[in-house]
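Beneath this line is the structure, given in C-alpha cells, with notes to follow.
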Amino acid sequence: MLTPSHRFRDIERTAVYLQPEKCVPPVAQDSMDKVWFIKDGCGIACAVVTWFLVFYAEFVVIFVILLPSKDLIYSIVNGIIFNILAFLALGSHLRAMITDPGAVPKGNATKEFIESLQLKPGQVVYKCPKCCSIKPDRAHHCSVCKRCIRKMDHHCPWVNNCVGENNQKFFVLFTMYISLISLHALIMVALHFLYCFEEDWTKCSSFSPPTTVILLILLCFEGLLFLIFTAVMFGTQVHSICTDETGIEQLKKEERRWAKKTKWMNLKAVFGHPFSISWLSPLATPDQGKADPYQYVV
C-alpha cells in the first residue's frame with residue numbers, strides 16, 4: 001500500500017502516460033539562450049533590491065561611519081573587511097542567479113532518448129507532463145523556472161532562481177556573506193552611536209545630526225533584519241546538505257531511496273572535491289563530476 005507521500009509523488013510524476021510521440025525534441029539554442037537567466041518580474045525586482053540594499057549599506061558605512069572617524073587604522077581595517085565581504089556577497093548572489101541550478105533538458109521525453117536508456121524489464125522512467133522531460137530521481141518541476149530541476153531545494157526570489165544541484169554552493173555562500181556583512185555593519189553602527197554620544201554630533205559625521213541618525217537607524221534595521229533571515233537560511237541549508245535531503249523532500253516527507261553518505265561527503269558533493277579555500281569563493285565552480293546517465297531509471 002502506498003503512503004500519502006508516495007501517492008502525491010506518483011500523481012506528480014505520472015499525471016499522463018509517457019507518450020513520447022507527443023514530445024518535440026528541444027530546439028537548438030544559440031549563444032544568447034545558453035545564458036541562464038529567469039525572466040520573472042518578481043525575482044528581478046527582488047534581485048535589484050538586494051543589490052540596492054548592499055550598496056546603501058556600503059554608502060552609510062563609508063561616508064557616515066568610516067570617513068569621519070579620527071582613527072585611521074580603524075577606518076582602513078573595517079573598510080577593507082566590509083568591502084571584501086560585500087564583494088563576496090554580491091559575487092555569490094550573481095553566481096547563484098545566473099548558474100543553471102540543474103535543469104533537466106526540456107522536451108527530452110522522445111522515443112529516441114527513451115530507447116537510448118536501454119531499459120531492462122521492470123525498470124521505469126517518469127515524464128513531467130509540464131515540460132515534457134524525463135525526470136531524474138529527486139528532480140522536481142519549478143513553476144517559475146518552467147523546468148524540472150535536479151535536487152531542487154526551493155525557488156528563491158531573492159536570487160531570481162531555483163536552488164538546486166549546481167548552484168547550492170553559491171546560495172549558501174550568499175547567505176553566509178550577507179549574514180556576516182550584516183553583523184559587521186551592526187557592530188560598526190553601535191560603535192558609531194557611542195562615539196557620537198561621547199563627541200559632538202556635528203563632528204562625528206559629514207551629514208547633519210538628523211540625517212546621520214536616520215541613515216544609521218535605517219542601516220541598523222536593514223542589518224538586523226537580514227542578519228536574522230540569512231543566518232536562519234544558512235543554518236537550514238547546511239542542515240539540508242549534511243542530511244542530504246532537500247527542502248522539498250522534507251516538506252513532502254518523501255521516502256529516502258538514495259544511498260546514505262557521511263556529512264563530510266555530502267558537503268564535498270556540494271562544495272567540490274577536495275576541501276580547499278575555493279569552498280569559500282564564489283569564483284570557483286565546484287567539481288561535481290558528470291551526471292549519471294542512469295539517474296533517469298528507477
Show, in sequence, the C-alpha distance, side-chain angles and deciding distance for C196 and C204, and conclude whether the disulfide bond (SG atoms under 2.5 Å apart) test is met. CA-CA 6 Å; C196 289; C204 71; 2.2 Å; yes

Going through the checks in order, is the side chain to side chain contact (heavy atoms under 4.5 Å, CB included) test met by L219 and L215? CA-CA 6 Å; L219 178 59; L215 291 173; over 6 Å; no

H93 vs V159, side chain to side chain contact (heavy atoms under 4.5 Å, CB included): CA-CA, chis, key distance, verdict: CA-CA 6 Å; H93 181 272; V159 297; 3.8 Å; yes

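With K169 as the partner, the side chain to side chain contact (heavy atoms under 4.5 Å, CB included) test is satisfied by one option alone out of S92, P286, P282: P286. Considering T175, L173, N167 as possible partners of F171, the one that fulfils the side chain to side chain contact (heavy atoms under 4.5 Å, CB included) test is T175.
Residues N83 and I62 form a side-chain contact, since some pair of their non-hydrogen atoms from C-beta on lies under 4.5 Å apart. Within the 4.5 Å cutoff, side-chain heavy atoms of M176 are placed close to those of L280. Looking at heavy atoms from C-beta onward, Q237 lies in side-chain contact with V163 at the 4.5 angstrom threshold. Annotation: side chain of D244 is in contact with side chain of R138 (closest heavy-atom distance under 4.5 Å). Annotation: side chain of V144 is in contact with side chain of I38 (closest heavy-atom distance under 4.5 Å). Counting heavy atoms from C-beta outward, V270 and V172 have side chains that stay 4.5 Å or more apart. A 4.5 Å side-chain heavy-atom check between C242 and V238 finds at least one atom pair inside the cut-off.
The aromatic rings of W158 and F226 stand perpendicular to each other, their planes meeting at an angle above 60°, with 30° marking the opposite boundary.
Grouping Ile, Leu, Val, Met, Phe, Trp and Tyr residues whose side-chain heavy atoms lie under 4.5 Å apart, directly or via other members, places M152 in a hydrophobic cluster with I149, I248.
Disulfide status for C142 with C162: absent, SG atoms not under 2.5 Å apart.
The existence of a salt bridge linking D100 and R150 is excluded, since no basic side-chain nitrogen approaches an acidic carboxylate oxygen closer than 4.0 Å.
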